[in-house]
K.L.:
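Sharing a structure below in structure tokens format, with a few things to ask.
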Amino acid sequence: MKKAKQLFAGLILMALGLGTAQAEYTLNLMKGVTKVSHDIYDLHMLILWICVFIGIGVFGTMFYSIYHHRKSRGHQAAQFHENTTVEIIWTIIPTLILVGMAIPATKAMMELDDVQASEMSIKVTGHQWKWEYEYLDNGIHFFSSLDEASNKVRQVGSGLDPRSVPNYLLNVDKPLVIPTKKKIRFVFTSKDVIHSWWVPDLGWKKDTNPGFINESWTSVDEPGTYRGQCTELCGKDHGFMPIVVIAMDEPDYNAWVEQQKAAMAAEAGSASKQWTTEELVAKGKAVYDTNCSSCHMADGAGLPGTFPAIKASPVVTGDINAQVKLMLNGKGMMPAFGKMLSAVDFAAVVAYTRNGLGNSVGDSIQPSAIQTLQSASPAAD
Amino acid sequence: MSAVVAEHDDHHEHDHGPAKGLLRWVITTNHKDIGTLYLLFALAMFFVGGTMAMIIRAELFEPGMQFVNPQFFNSMTTMHALVMVFGAVMPAFVGLANWMIPMMIGAPDMALPRMNNMSFWLLVAGVLLLASTLFMEGGAPAGGWTLYPPLVLQTGKALPFAIFSVHLLGISSIMGAINIIATIFNMRAPGMTLMKMPMFVWTWLITAFLLIAIMPVFAGAVTMLLTDKFFHTSFFDAAGGGDPVLYQHIFWFFGHPEVYVMILPTFGVASTIIPVFARKPLFGYSSMVYATAAIAFLSFIVWAHHMFTVGMPIAGELYFMYATMLIAIPTGVKVFNWTATMWKGAMTFETPMLFSIAFVVLFTMGGFTGLMMSVAPSDFQYHDTYFIVAHFHYTLVPASVFILMAAGYFWLPKWTGHMYDERIGQLHFWLSVVSVNILFFPQHFLGLAGMPRRIPDYAVQFADWNMISSIGGFIFGASQLLFLYIVIDTIKGGTGEKVTDEVWEDAAKHSLEWTLPSPPPYHTFTTPPTVIPTEHI
């Protein structure tokens, strides 16, 4: 009932074309949180009003004519059919309006394009279907995928309510963290197909092209969490690779950097420890769900004709070293996971595929062995 | 310079009728038969593409994945676009061209009747090949109708079939275009100078040149995809020295004129219908011709406005922004001229006029959003969101599709000799015009709020507008069944009222087809007409 009322209200609003503060029925472009996004918003509003103004003129004339110049009111048709003067007038006036639009648009475009004098750089790499972030100044490096809660709900016929998940489809397991009030240069590329990195609050999107580098920049004034999505069709899970950017004030950001460095050191330490198969299998499920299940499916059944099944796969139930090699280097659409996964996660997911998902080979490989292979593998360049 | 071929002597004493039985439709070289085939095929494909749209809107009715998996969803958006563009809208306009151009210029048939037959059957073959990919291992193409690499190269078994289908469709279009140009340049009745031709003929003449220029470019682009996939070339692969963005430049060099292929004949039909129901000559005939030519020229130099976010140098961004803005000028001239044509007329509002007026208003709205997107920095927000989905659907559905409906209502009485049911026609119009806005207007809001296009599921803040949009979509889809009913009913006899040759009051003052009987005999203008109508000029 509430739904129906909301719908009805929405229709009325739409009919009236009114603005509203209600978040559910957002009507206009968001202002964003950067100078560029504000400039773009102003430009958007300027041109919107120009269009509204012209629209009122043209449609007003047309509807006046439709009402008054109708046969049923006994109006006699005039027979005029050309007038060079008016043709010239309605060619020149729009030209002048366009020049008026082009000036602020050019200014905004130049500003958006200027990546000079940046204070730090972050490399963004698109993958099917996650983002990789690399802080070029301090070596922090991680992947960012759709959060687990959204991922469960978004499975076909899951029957779960998307409204029960906070920030459904707009949340990630590991957000990008940036400092406020700093000019940050982003460089973009892709490992597979073209993606596009868009956070509306920053005011722009940029395509990530495999084999090429694109650049853009931002400078956020206020701390906050800003969400976005991939905006270039990149395959099956294009709708499921969100972006979360958390802007922090300088001290908080520095603390975060230290924490990341400590975590990376701990991760490296755990790789040298001896793991049992059970420990690895237990850890492997989460790694599988994040990295493998979008193609090979959560139950390992694959997608016949496109993505092979894990269950009873000759690769997974065969020689462990062959499986590891294939996973390190990739094959066809299968990405090379050599650099994407830590040695522990890699060994864990190998153990999980061989001893879970309906397989029971019984063996595993140590993270330390993976580490050796990773540093020798050509894929880990 | 007009070379008029008057085929006085080619015909024997007795009149040739159509061949008997079903074979008539396979072997026919008659422009009216082929026009009918094109139109019926386009109508069928309109419902096939429409069904795909219904699947898309059903999945997007609510957040969460209810009906289809994401891969199939992507196939649906891709195939919906390909079927609607290449199977429905383009063939429908070729059908109109076949029926109307010879009758409008006083010619007995198209210049190349056998090629005409062949171009129709190649179209059918191409579309069937495309449709067959739905049943292949790995599914139909799912990388978007733009077929961008590297994504499209991940298509399963369907890829080469889709590419060969594009080749066939391209050959078919080029043949159609050659035929139209040859007909218009060689077969006009004496006295039918270029600047006396009806606007519909003019717009198709310009469109045909666009088609000949662009279809080979598209064929080249997809062939490069084919060799990249199967013959180890690297046109679009950086690892071999290529560039995936190169494909986008080639594609949009085709793609931008391609969208004008769908809109220029739309302008032509609108310029034909509005004067008849305003009972007034078209305002600014020659400026309409020049504006159409200007739009066609500009369409070749603006392509990268589809790629503002792809990473171009600033000079490229600015050039394509300025060039794109220029399109607003000739397009504005057209809208002002239509308005001036209505001004001080004696208007009546039969179904064709209603659809035409809705076209002028709603196409202008699509033009406004187009102007907004021409501004490159703003496009960094709008690009690849539902804002652009709303934009191009406004320029295609309540524009091209509405005008095709208008053309159907306008000429069906001429083609069949029967009158359609005006009451149901008006019902169809009002249902369509209201629902099309419920369907597409909220998509502007969705895009501005941050919803990307081509996603099968969305964040919950987009839920309400999506539901409203889907409801509009279902009503719009269902309403089109009324049109199907009207077409069948009119062919079978309609209201039973005997229509005159003119059908519409004083229509014969505007164009030659209204001087012929309704329905016209199988062969018309075997001797060219002597009086050329000039009311439209």
Side-chain angles (χ1 to χ4, degrees), chain A residues 6 10 14 24-29 40 43-44 47 51 58-59 61-62 65 69-71 75-78 81-82 87 90-91 94-95 98 102 105-106 108-109 112-113 154 156 162-163 168-170 193-194 200 204-207 209-211 214 229 231-233 235-237 239 305-306 333, chain B residues 63-65 69-71 137-138 144 148 150-151 154 156 238 244-245 279-281 283-284 287 309-311 314 317-318 322 325 328-329 332-333 335-336 339 342-348 361 368 372 375-378 380-381 383-384 441 445 448-450 452 454-457 459-460 464 468:
Chain A
Q6 279 185 356
M14 194 172 68
E24 295 248 302
Y25 289 103
T26 314
L27 297 175
N28 202 357
L29 188 67
I40 289 175
L43 207 50
H44 161 80
I47 296 159
C51 290
V58 174
F59 299 150
T61 311
M62 199 182 296
S65 176
H69 307 148
R70 49 169 74 213
K71 201 182 170 194
H75 194 271
Q76 292 293 318
H81 58 92
E82 62 186 354
E87 298 283 354
W90 64 41
T91 305
T95 310
L98 289 178
T106 305
M109 193 60 234
L112 183 58
D113 191 65
R154 69 102 177 172
V156 182
R163 288 182 176 80
Y168 175 63
L169 296 186
L170 289 179
V193 301
I194 300 170
W204 48 263
K205 59 178 68 70
K206 201 78 175 184
D207 291 4
N209 301 325
N214 271 336
Q229 280 180 273
T231 45
E232 178 67 54
L233 178 61
K236 186 168 79 65
D237 285 352
T306 315
M333 273 186 74
Chain B
M65 300 293 299
N69 67 50
Q71 180 73 16
E137 202 177 299
Y148 279 4
L151 181 62
Q154 294 180 350
V245 176
R279 291 168 182 76
K280 207 169 144 263
F283 189 84
S287 74
T309 66
V310 84
I314 183 80
E317 303 272 358
L318 292 177
Y322 301 146
M325 284 177 161
I329 298 168
V333 167
V335 173
F336 299 142
T339 310
M342 291 186 221
W343 188 255
K344 290 199 185 291
M347 280 187 269
T348 53
V361 173
F368 285 147
M372 294 173 77
V375 177
S378 306
F380 275 72
Q381 288 282 37
H383 182 74
D384 264 340
F441 209 80
F445 306 145
L448 293 176
R454 293 165 164 166
I455 57 174
D457 193 6
V460 290
D464 297 312
I468 292 170

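The sequence lines fix the lettering, A, B, ..., with proteins before strands; numbering per chain opens at 1. For the numbers below, each heavy atom of this structure counts, side chains included, while hydrogens, waters and symmetry mates do not.
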K.L.:
In terms of heavy-atom proximity below 4.5 Å to chain A, should B:F368 be classed as side chain, backbone, both, or neither?
P.N.:
both
K.L.:
Please look at A:L98 and chain B and tell me whether the side chain, the backbone, both or neither of the residue comes under 4.5 angstrom of a heavy atom of that chain.
P.N.:
both
K.L.:
So which of A:R154, A:Q76, A:K206, A:K236 has the largest heavy-atom pair count under 4.5 angstrom toward chain B?
P.N.:
A:K236
K.L.:
Is a side-chain N or O of A:H75 found less than 3.5 angstrom from the main chain of A:H69, in a donor-acceptor match?
P.N.:
no
K.L.:
Count the heavy-atom pairs under 4.5 Å between each of B:G345, B:P452, B:S378, B:A376 and chain A, then report the option with the highest count.
P.N.:
B:G345
K.L.:
Which atoms of A:Y168 come close to chain B, meaning under 4.5 Å heavy atom to heavy atom: side chain ones, backbone ones, both, or neither?
P.N.:
both
K.L.:
Under 4.5 Å heavy-atom distance to chain B, tell me which part of A:L169 shows up: side chain, backbone, both or neither.
P.N.:
side chain
K.L.:
So what's closer than 4.5 Å to chain B heavy atoms on A:N214: side chain, backbone, both or neither?
P.N.:
side chain
K.L.:
Can you name the closest pair of heavy atoms from B:V335 and A:V58 and give their distance?
P.N.:
CG1-CG1, 3.9 Å
K.L.:
Given that the side chain runs from C-beta out, which part of B:E317 has a heavy atom under 4.5 Å from chain A: side chain, backbone, both or neither?
P.N.:
side chain
K.L.:
Which region of A:N28, side chain (C-beta onward) or backbone (N, CA, C, O), has a non-hydrogen atom less than 4.5 Å from a non-hydrogen atom of chain B, or is it both or neither?
P.N.:
both
K.L.:
Does some side-chain heavy atom of A:T26 sit less than 4.5 Å from a side-chain heavy atom of B:F445?
P.N.:
no
K.L.:
Are the side chain of B:Q381 and the backbone N or O of A:P200 linked by a donor-acceptor pair below 3.5 Å?
P.N.:
yes
K.L.:
Kindly determine whether A:M109 and B:F380 satisfy side-chain contact (heavy atoms from CB on, under 4.5 Å), including the steps that lead there.
P.N.:
CA-CA 10 Å; A:M109 193 60 234; B:F380 275 72; 3.8 Å; yes
K.L.:
Hey, does the side chain of A:S65 reach the backbone of A:T61 with a donor-acceptor pair shorter than 3.5 angstrom?
P.N.:
no
K.L.:
Under 4.5 Å from any heavy atom of chain A, what part of B:L318 do you find: side chain, backbone, both or neither?
P.N.:
side chain
K.L.:
Identify which part of B:P63 has an atom lying under 4.5 Å from any heavy atom of chain A, answering side chain, backbone, both or neither.
P.N.:
both
K.L.:
Mind ranking B:N69, B:T348, B:V333 by heavy-atom pairs under 4.5 Å with chain A and telling me who comes out on top?
P.N.:
B:V333
K.L.:
Determine whether B:R279 and A:K71 make a side-chain contact, defined as any pair of heavy atoms from C-beta on separated by less than 4.5 Å.
P.N.:
yes
K.L.:
Measure B:Y148 against the heavy atoms of chain A and call it side chain, backbone, both or neither at under 4.5 Å.
P.N.:
side chain
K.L.:
Does B:K280 use its side chain to pair, donor to acceptor, with the backbone of B:W343 at less than 3.5 Å?
P.N.:
yes
K.L.:
Any idea which of B:Q154, B:Q71, B:H383 has the most non-hydrogen atom pairs under 4.5 angstrom with chain A?
P.N.:
B:Q154
K.L.:
Could you tell me whether the side chain of A:N209 and the main chain of A:I194 form a donor-acceptor pair under 3.5 Å?
P.N.:
no
K.L.:
Kindly give the heavy-atom pair with the smallest separation between B:L448 and A:L29, and that separation in Å.
P.N.:
CB-N, 3.6 Å
K.L.:
Taking B:A449, B:G138, B:A346 one by one, which has the highest count of heavy-atom pairs under 4.5 Å against chain A?
P.N.:
B:A346
K.L.:
Which heavy atom of A:A108 sits nearest a heavy atom of A:L43, and at what distance?
P.N.:
CB-CD2, 4.0 Å
K.L.:
Out of B:P70, B:P377, B:P456, B:G64, which one racks up the most heavy-atom pairs below 4.5 Å with chain A?
P.N.:
B:P377
K.L.:
Could you tell me which of B:G332, B:S287, B:A328, B:G144 has the largest number of non-hydrogen atom pairs under 4.5 Å with chain A?
P.N.:
B:S287
